[in-house]
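Down below is the structure, laid out as structure tokens.
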Amino acid sequence: MEQIHVTLPDGSVKDVPKGTTAAEIARSISPRLADAAFVAKIYSNNGALANYGDATADGGYLIDLQRPIEQNVKLKILTDKDPDALYVFRHSAAHLLAAAVMELYPNVKLGIGPPVDNGFFYEFLREDPFTLDDLAKIEKKMHELAAQDIPNERKLIPKPEALELYKKSNRTFKCELVDEKAVEPMVSFYTTGKFIDFCRGPHIPSTKRIQAFKLMSVAGAYWKGQEGNPQLQRIYAVAFFTQKELDE
Ligand SMILES: [Zn+2]
């Protein structure tokens, strides 16, 4: 089987079969590291890496722990010590919020849901405004889903099929996003149980470790920030790795 060289931060090199995942490499280093890992970062030995999204400030590419590594790279396993891991964690928390909202209010339409300073938001189109009671219900559902340890799984879908999927379920904003943003023939999606979202990722492996968060407020926002577009409701939340950090 074809081997690749994976260089670790201490300069040591691991020769592993092509397609080995960062999770497997983490486990081979130490079970403790594997358990602490949220996401991985790879650096190319020569130029940019295609198919991994945009590079971070230090020239690395964030990837799922479960994503097979296909070429020689430098690899960093990211734990709660790394700000990039917190960013990915908050993005996964945004997906958990959307998953909870879709279970409770299946007819809402989804906008976007990125991480932001201290937390994340997700946008929803819904006729009735979300009340404080709704937020409490959603938060409870998020904790339920987190406790179920649902994996976040990457899925590639051909673009026409992706558009059809959203058209069929009348998810007009997502349709628009796939249409505009998906440049490759295969479109990247992430599933969390029944929930599916057009998303480049990466994500943390599962919902289990998303415990320390609080839904804070609801604010109106025009779709794509443009006046005249439909007005969505943004649910803002704060999220940290630990309850202690959240309390502070
Ligand atoms: Zn996403």
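When a ligand or atom number is given, it counts from 1 through the structure's own listing order. Numbers here simply count residues along the sequence, with the first being 1.
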ring-ring contact (aromatic ring centres under 6.0 Å, His included) evaluation trace for Tyr166 with Phe198: CA-CA 10 Å; Tyr166 277 141; Phe198 168 52; 7.3 Å; no
Can you check ring-ring contact (aromatic ring centres under 6.0 Å, His included) on Phe38 and Phe241, steps first, answer last? CA-CA 10 Å; Phe38 282 101; Phe241 287 131; 4.7 Å; yes
If you take all heavy atoms of Glu139 and Leu215, which pair is closest and at what distance? OE2-N, 2.9 Å
Same apolar cluster (I L V M F W Y, side chains within < 4.5 Å links), Ile69/Leu8: yes
Start with the C-alpha gap between Tyr190 and Phe195, add the side-chain angles, then the distance that decides, and say whether side chain to side chain contact (heavy atoms under 4.5 Å, CB included) holds. CA-CA 8 Å; Tyr190 277 81; Phe195 176 68; over 6 Å; no
List, one per line, each side-chain donor-acceptor pair under 3.5 Å for residues 85-97, sequence neighbours excluded.
| unit_1 | atom_1 | unit_2 | atom_2 | d |
| --- | --- | --- | --- | --- |
| Arg90 | NE | Ala239 | O | 2.8 |
| Arg90 | NH2 | Ala239 | O | 3.0 |
| His91 | NE2 | His95 | NE2 | 3.3 |
| Ser92 | OG | Val88 | O | 3.2 |
| Ser92 | OG | His203 | ND1 | 2.8 |
| Ser92 | OG | Ile204 | N | 3.1 |
| His95 | NE2 | His203 | NE2 | 3.4 |

So, at under 2.8 Å, which protein N, O or S atoms would a careful student list around the Zn ion (ligand 1)? His91 NE2, His95 NE2, Cys199 SG
